[in-house]
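What follows is one structure encoded as structure tokens, with my remarks underneath.
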Amino acid sequence: MKSFIAASLLFFGTTVLFGQQPPKKSPSVPDIQGSYRSMLEYEEDPVSDHDLDWGQYLRFHAQPLLSPKNSFHFFGRVRTDFDHESSVDEAFARSDHRIFQAYGEFRDWLPSTRLRLGRQWIHEVEAVHLDGIRAEWLDAGPFDFMGFAGRPVSAYSSTDGHQVFGGEVRYEPWNSTLFRVTGVRNDEDHPAIDDQVGLHWDQYWVPGVRTYAEYTFLNERGKEFRTGGTAFIHPLQVELSGSYYRRVNRSPVPERDDIDSRRFSEFYYLLGESEELERYGLTATRFFGEHFSILTGWSQVSILGKDNPSNRNTDRYYGTLSWYDFPIKKMDLSLTGNYVRAKYTSDLSYTVDHAQGTDEVNSRLEGDEETFVITGQLDYELSRAVEMSVGSAYGDYDFSTEIELNQTYSEEFLQFSRNYLVSGMGGQFITRTFFAEIRWKIRDNLTTRLLGEWDQSEVSANQEDEGYGRLVAGLTWRF
């Protein structure tokens, strides 16, 4: 705690510097706009004792750059772990200081074109972060064209000799209809090369009603299909949304990786493979005037391949009651409930050799988990400069597991099977969380926040309760 107080004094001392009004700019100097965000976070729990981190984030864009149509964009982070308690993965530890985005944008260098050079995300194609070039030809009738190429940015593998390139074709026959074809080739899994192609469709039927669908192929195999839509029924003041997702093939392909996973990461061994699955989701929100709304939702995950602790059949039900400007003006209240039930099985087979022969043993692990969490929160605007939030959450996590064995015994020339339950266990995990946050707008361009959170956990009746505390001090300067 002493280290947190000392760091806080240094941290908030910067408010004097950042609160100063910027000098007037010369017409020849680019106009720079952006934000600097600093977060000092202190955590304390019985396992790691304490952890103190300081994260600083800088985002800005500068324009004009040599020409009124040119600009430069930047986003980066510097993170300091004072006691080295946070890093659990080697690549994660190396990523404390990262430049996520740093590129120049040049518009109309040729008619109806846009060029970006530098480090950038390609949002139209998943999992592409590169140092390279992006070129666009816009307004070519109903078509737009985009292409990119460069060196992939990866925390887990060397970038020497690796390349990624691809592009997108957009076709918009009408203002309400958009078709897209995307493609990307990536050789980060060298010597294997991954090719992914995506087909996308967006449709706006009438104001407030939208549907979408997309299908992707990975290395000539179907990968994913997703579809869904949203609609707002104005006479009823009801908003509806639904989605469907299908993981067409197991990932990664046995004996090789793909662009969705990184076996170089220690997290891969925790998360494991992704089996074929289906996921459904429905939500509905009903608005009652300006001061009250009810949201309800349901989602389901069905494992089509082999379910296991990393791939579970899951049902989730949730709902939120929200009050706005109630019971007094500038006060909002919300109450949210979540119920999740997950089931899985895991099978293992092996053999045991002995003098009389070989025994075959088949084991099955069955798990059943239920989670219920209810959260209440109050937000209140004390003045134009000060806002506060307080809340509490209660969580109840129940689990049970059983291990069943089927063993074939060999004695002399006879074989017989025996089934029996090796072990069955279960338990309950209860958490109670309390949190409070205050936000202070010191100036129009300078805001601070202080968040406190305390979590009390009860593992079982025979164990002492465990506590987890967290303090976050934040500063945001917009310029």
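It should be emphasised that the depicted structure is a prediction, and the values quoted were computed from it without experimental measurement. All values below come from the heavy atoms of this structure, side chains included, with hydrogens, waters and symmetry mates left out.
The local environment of CD1 in I99 is sparse, with at most 12 non-hydrogen atoms from other residues, nucleotides or ligands closer than 6.0 Å. Remark: W323 CH2 is packed, more than 12 non-hydrogen atoms of other residues, nucleotides or ligands lying under 6.0 Å away.
For T182 and E168, the side-chain atoms include no donor-acceptor pair closer than 3.5 Å. For the residue pair T320 and T336, a side-chain donor N or O sits within less than 3.5 Å of a side-chain acceptor on the partner. Side chains of W454 and Q456: a donor on one and an acceptor on the other come within 3.5 Å. No side-chain N or O of S334 forms a donor-acceptor pair with one of D332 less than 3.5 Å apart. The closest side-chain donor-acceptor pair between Y280 and E278 falls under 3.5 angstrom. Residues Y324 and E290 have side chains that never bring a donor and an acceptor to within less than 3.5 angstrom of each other.
Distance alone, capped at 3.5 Å, places no donor-acceptor pair between the H61 side chain and the F72 backbone. Put simply, the side chain of D195 never gets that close to the backbone of N219: no donor and acceptor are under 3.5 Å apart. Checked by atom type and distance alone, the side chain of S322 never pairs as donor or acceptor with a backbone atom of F292 at under 3.5 Å. Using modelled atom types, no side-chain atom of D315 and backbone atom of Q300 make a donor-acceptor pair closer than 3.5 Å. The backbone N or O of T447 lies less than 3.5 Å from no partner atom in the side chain of R478, so there is not a single donor-acceptor pair. Under the 3.5 Å distance criterion, the side-chain polar atoms of S71 are left unmatched by any main-chain donor or acceptor of A62. In this structure a side-chain-to-backbone donor-acceptor pair under 3.5 Å is missing from D108 to R114. Not a single donor-acceptor pair under 3.5 Å links the side chain of N338 to the backbone N or O of F372. Panel note: side chain H129, backbone F100; a donor-acceptor pair is recorded below 3.5 Å.
By the 30° and 60° cut-offs, the orientation of the rings of W121 relative to H123 is tilted. Ring planes of Y215 and F225: tilted class, angle from 30 to 60°. Between F429 and Y397, the angle of the ring planes goes over 60°, which puts this pair in the perpendicular group of the 30/60° scheme. Between W201 and F179, the ring planes are parallel. Angles under 30° get that label, and only those over 60° would be called perpendicular.
For the pair E369 and R312, the salt-bridge criterion is met [side-chain N within less than 4.0 Å of a carboxylate O]. Classification of R246 and E224 as a salt-bridged pair fails, no side-chain N sitting under 4.0 Å from a carboxylate O. Remark: E172 does not engage R170 in a salt bridge, criterion side-chain N to carboxylate O under 4.0 Å.
Remark: R316 is positioned above the aromatic ring of Y318, its terminal NZ or CZ atom under 6.0 angstrom from the ring centre and at most 45 degrees off the axis. Under a cutoff of 6.0 Å and an axis angle of 45°, R279 and Y245 form a cation-pi pair.
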